[in-house]
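Single-structure report; data block below.
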2 protein chains.
Amino acid sequence: MVAIRLDEIDRKILAELQADGRMTNVELAKRVGISAPPCLRRVRTLEESGLIRGYHADVNSRELGFEVQVFAMVGLESQAESELNAFEERCREWPLVRECHMLNGEVDFILKCVAPDLSSFQQFLTGDLLTTPNVASVKTSLVIRGAKDEPGVPFDVLEERMNRTA
Amino acid sequence: MVAIRLDEIDRKILAELQADGRMTNVELAKRVGISAPPCLRRVRTLEESGLIRGYHADVNSRELGFEVQVFAMVGLESQAESELNAFEERCREWPLVRECHMLNGEVDFILKCVAPDLSSFQQFLTGDLLTTPNVASVKTSLVIRGAKDEPGVPFDVLEERMNRTA
DNA sequence: ACCAATGCGCAATTATCTTTCGCACTTGCG
DNA sequence: CGCAAGTGCGAAAGATAATTGCGCATTGGT
């Protein structure tokens, strides 16, 4: 994956598509100040370079019946690379685990999980997570309420940095 | 927001749009097994009902220069509702904070943060987060590497539940 | 059995995307 | 300095997709 040089227009495109991924190409072109064809070419380039990984509908999981969100801090017995990989692979296979990040510090992994209800989660916790070999400790915290949830890039910060460097 | 009754087709639509938010309506209709017009009508209904919150491009923040990801566990002095709201409002204003969740247990909030580099984050930590009134303790953990990151709904689990209930 | 309501599919219109072409600007070499 | 090659842009035309209106079938209730 080559490092693509991004100009102001590319960054605007990314910001707009992050805000509204279904925007039409003509609308996008209008907003970033160029005509449609070169705009589409830039988008394609951004997609092929991997800077745009994809587009996803943001589905309200709570309304769909996943009312429980839990963060789980996991510590392992062994931190050998093979063991770390093995645990990560397990996480990829568990549908209730939506995110898995390896951390520094005393905890090895943090997992973001969803579940339809508490008993479903407990079932997963005791039946799957805690019975996984090499798992030494798990501390879970229920999400009481969400105050902010905007995965993505803060483009305002990015612009500021670019202007400083330029 | 009324509770919408979802049939199999609606759930397929949600799953497909979560996987690929830019899919054309005709392609979507083909995949879920109906013709284009009723498919579009269903999508509009799902959007208006709030089940689909929006569509977003998934931008590779690391490639864009945000190489640092940090989870911050925050404890407050006072957990009065007004204080909780005040802290949440702060989080919404900080661009480096992408997620803020209120938790049960000893920690009051967990924050997912991004930053261009460590010093930027430290600047935010010492300059903003730690100087915020009512913040009692902050424990941060750097993300070493990400193993899974698929925000959204596990539709396979949902289908299984529906079939069991039906 | 009838009627209303809901949802699907067809067809036509409208909007959008894709492709091709030509032009202007920059870059590098003679 | 001049010229050729490469790159990016905008305009226009053909292809594709989205949207709307309407008729019909199915369902649920009377």
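What you see is a predicted model, and the numbers here were worked out from it, not measured in a lab. Letters go in sequence order (proteins before strands), and every chain restarts at 1.
We find that CG of B:L6 is positioned 17 Å from P of C:dT6, with the value rounded to whole Å. Spacing between atom CG of B:L40 and atom C1' of C:dC8 amounts to 14 Å, rounded to whole angstrom units. Nucleotide D:dT7 holds its P atom 20 Å from the CZ atom of A:R44, rounded to whole Å. Distance CD1 (B:I9) to P (D:dT26): 15 Å, rounded to an integer number of Å. Rounded to whole angstrom, the span from the CZ atom of A:R22 across to the P atom of C:dT16 amounts to 14 Å. Residue B:E8 contributes atom CD, which lies 17 Å from atom C1' of C:dG7 at whole-angstrom precision. Taking atom NZ of residue A:K30 and atom P of nucleotide C:dC17, one finds them 11 Å apart after rounding to whole Å. Going from atom CG of A:D7 over to atom C1' of C:dC25 covers 15 Å, rounded to whole Å.
Checking D:dG21, D:dA18, C:dT19 against every side-chain atom of B:P37, the shortest atom distance belongs to D:dG21. With C:dG9, D:dC9, C:dT16 as the choices, the nucleotide that has an atom nearest any side-chain atom of A:V26 turns out to be C:dT16. Nearest to the side-chain atoms of A:S35 among the listed nucleotides C:dT18, D:dG10, C:dG9 stands D:dG10. Candidate nucleotides D:dG21, D:dT19, D:dG10 were compared by shortest atom distance to the side chain of A:R41, and D:dG10 ranks first.
The number of heavy-atom neighbours closer than 6.0 Å to CD of B:Q123, taken from other residues, nucleotides and ligands shown, is 12 or below.
Within the structure, a side-chain polar atom (N or O) of B:R42 is placed less than 4.0 Å from OP1 or OP2 of C:dC8.
In this pair, A:F87 and A:F109 present their aromatic rings tilted. The plane angle is within the 30 to 60° band.
Not a single donor-acceptor pair under 3.5 Å links the side chain of B:K12 to the backbone N or O of B:G33. A donor-acceptor pair under 3.5 Å is absent between the side-chain atoms of A:D58 and the main chain of B:R53, judged by distance alone.
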